[in-house]
Amino acid sequence: MTDLRVRIAPSPTGTVHLGLCRTALFNWAYAKKRGGTFVLRVEDTDKTRSTRESEEAILEGLRWLGVNWDEGPDVGGPYAPYRQSERAGGHGVLIEELLRSGSAYRCFCTPERLAEVREVQEKAKETPRYDGTCRDLSPEESQRRADAGEPFAVRFRIPDGATTIHDLVRGDVTFEHKEIDDWIMARRDGSPTYNFVVVSDDLAMKITHVFRGEEHLVNTPKQTLLYQAMGQEPPRFGHLPLMLGKDRKKLSKRSGDTALGDYIANGYPKEAIVNFLCLQGWALDGETEVFDVDTFVENFDIENVQKAGAVFDIDKFRWLSADTIRRMGIPELAQEVAPFTVKAGQMSESDIASRQDWFQRLVAGEQERIELFSEFPGRVASFFEADDAVTYADKAEAGARKHDARIEILRSFAEWLKGREAGESPEDMAGAAKAWVKDRGLKFPALFQPLRCALTGMAGGRDLFDCIDLLGRDSALARIETAMTRLA
RNA sequence: GGCCCCAUCGUCUAGUCAGGCCUAGGACACCAGGUUUUCAUCCUGGCGACGGGGGUUCAAAUCCCCCUGGGGUCACCA
């Protein structure tokens with residue numbers, strides 16, 4: 001174990017965003033490859049928006065992805081607590097020190113006045129920023145007003161000069177201090193704000209590397225200056241490219257699903273989600289698109305992360321999902337798909353357990369036809385319909401009706417089927433049926449299109465003799481019987 | 001609008017840091033063929049990009065500058 005320490009610091013204010021998942025994955029991989037420590041710290045600084053449900057969802061989601069933290073609110077660790085709201089103690093002391101040293105100052109301006117100032121500036125098309133009213137209050141006056149009970153916030157005093165941050169993804173980035181506002185470290189109620197706690201906690205937890213989304217890049221000089229004011233060395237930073245929606249804007253709900261839960265509910269395999277997330281801003285070798293998480297960990301480096309934002313391509317995501325499904329073993333796939341079958345009301349859990357062989361054959365036939373687990377029930381629905389009430393898709397019925405002799409063919413095929421030996425394998429029966437078709441001088445579609453419609457009501461799908469086998473001969477015969485009327 | 005970031009096929013990207021190996025590679029999507037009882041899978045092929053302009057150099061996708069375009073950020077949110 002090295003002293004390398006990285007962290008993910010989510011604020012528990014909503015669903016588990018994919019961007020958070022990717023950031024977590026990259027941090028985790030970086031630590032894991034280098035024998036470092038990965039910390040999860042819950043940044044519940046915003047009391048009004050933070051919820052315990054959201055926190056639990058985040059922990060659960062990340063754990064589901066296979067991202068494991070070495071220290072966190074649930075597992076503890078040497079720098080506990082790992083929930084911001086429980087760490088408040090030390091912040092007051094730090095702020096006192098910063099106030100004493102002059103790196104921070106009390107701001108007695110009311111939120112109302114600040115709002116007015118901002119409004120005027122916006123009207124004048126100026127960049128909204130603090131006008132500095134309290135910046136140069138004498139220490140005596142500041143103290144006197146504070147003692148008199150006048151409420152105040154605490155602002156960081158941005159010094160003159162410029163700060164260059166050495167970003168591990170982007171290289172050097174310089175910010176002129178005059179562009180940076182004297183930001184608020186502590187609110188009037190004394191509670192610390194994000195930019196302050198993130199620094200004090202990263203410091204307390206000895207975080208050495210901070211990898212986060214690019215939207216935080218502009219916060220970095222503020223934080224760097226704070227580290228310096230405290231006489232501390234800032235960690236190394238690396239700002240990840242944003243994940244973009246189809247509109248090329250930061251991925252948000254308006255451009256599609258953003259929550260991990262949505263993708264899980266839609267039946268994307270975990271491996272596909274992880275794989276896809278890895279591809280957002282990073283590539284293994286430019287050739288290999290499909291790889292497992294171990295390969296990712298083994299090869300990941302922050303220096304190889306792309307700088308440009310990555311548009312989220314749902315088509316590629318689905319393809320990755322389909323590819324993952326195709327490479328799965330049948331028992332495993334059956335297990336993944338089972339909950340969807342139950343939810344669709346097709347089989348109960350105990351049905352599936354007691355007919356596991358049958359269920360696995362049902363699954364095997366769809367393996368290369370579904371892109372998501374959730375598509376399975378829709379594709380096998382006809383197997384659960386009554387023999388005399390199979391839903392015929394328009395396309396299937398039209399295909400069947402193209403053949404004038406359909407009823408005759410179906411009738412004689414039914415006779416033929418009745419005469420087959422019980423227990424014949426689908427493969428053997430398929431071979432025999434093809435010979436039967438040929439012997440009668442027919443083309444395959446003349447039998448198979450009406451038959452497929454009769455059996456499944458669908459225009460395409462798995463091998464028909466597999467269907468007969470799955471259905472059972474009686475059921476298949478009953479469906480053919482009905483079709484002879486319905487397709488007449 | 002100020003500041004900051006970014007810029008290779010429609011999309012994800014390799015190549016850029018160490019300029020020639022790039023008539024720019026892979027993948028998704030799309031199109032066309034093949035296999036198949038159908039659908040799907042699979043196989044083969046095609047389409048398709050270095051944003052523009054200046055430099056530097058024997059040589060630039062790679063280095064420099066300008067322009068253009070896109071994005072992020074400007075809270076007592078995180």
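The sequence lines fix the lettering, A, B, ..., with proteins before strands; numbering per chain opens at 1. Keep in mind that this is a model prediction, so the values were computed, not measured.
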Peer 1: Taking the same atom, P, in B:A60 and in B:G54, what whole-Å distance lies between them?
Peer 2: 13 Å
Peer 1: Dump every N/O contact between nucleotides 44-50 of chain B and the protein below 3.5 Å, one line per pair.
Peer 2:
none

Peer 1: If you assign each of A:K307 and A:T110 to its closest nucleotide in RNA chain B, which residue comes earlier from the 5' end?
Peer 2: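 Looking at the nearest nucleotide for each, A:K307 comes out on the 5' side.
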Peer 1: Base, sugar-phosphate or nothing for A:V311? Non-hydrogen atoms, less than 4.0 Å.
Peer 2: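 Contact class for A:V311: sugar-phosphate only.
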Peer 1: Between the protein and nucleotides 14-22 of chain B, are there any N/O to N/O pairs under 3.5 Å, and if so, what are the atom names and distances?
Peer 2:
residue: B:A14; atom: OP2; partner: A:Q306; partner atom: OE1; Å: 2.5

Peer 1: Do A:F317 and A:Y263 make the cut of ring centroids closer than 6.0 angstrom?
Peer 2: yes
Peer 1: Test for a donor-acceptor pair under 3.5 Å between the base of B:U41 and the side chain of A:R326, counting only N and O atoms.
Peer 2: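 By the distance-only test, no, there is no pair.
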Peer 1: Give one of base, sugar-phosphate or nothing for A:P111, where a contact means two heavy atoms less than 4.0 Å apart.
Peer 2: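 Base contact.
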Peer 1: Using a distance-only criterion (donor-acceptor N/O pair, under 3.5 Å, no hydrogens), is the base of B:C5 paired with the side chain of A:R170?
Peer 2: no
Peer 1: Using the C1' atom as the point on both nucleotides, what is the distance between B:A59 and B:C74, in whole Å?
Peer 2: 45 Å
Peer 1: What's touching nucleotides 61-71 of chain B from the protein side, N or O pairs under 3.5 Å?
Peer 2:
residue: B:G71; atom: OP1; partner: A:K249; partner atom: NZ; Å: 2.5

Peer 1: Below 3.5 Å, does any donor atom in the side chain of A:D313 face an acceptor in the base of B:A29, or the other way round?
Peer 2: no
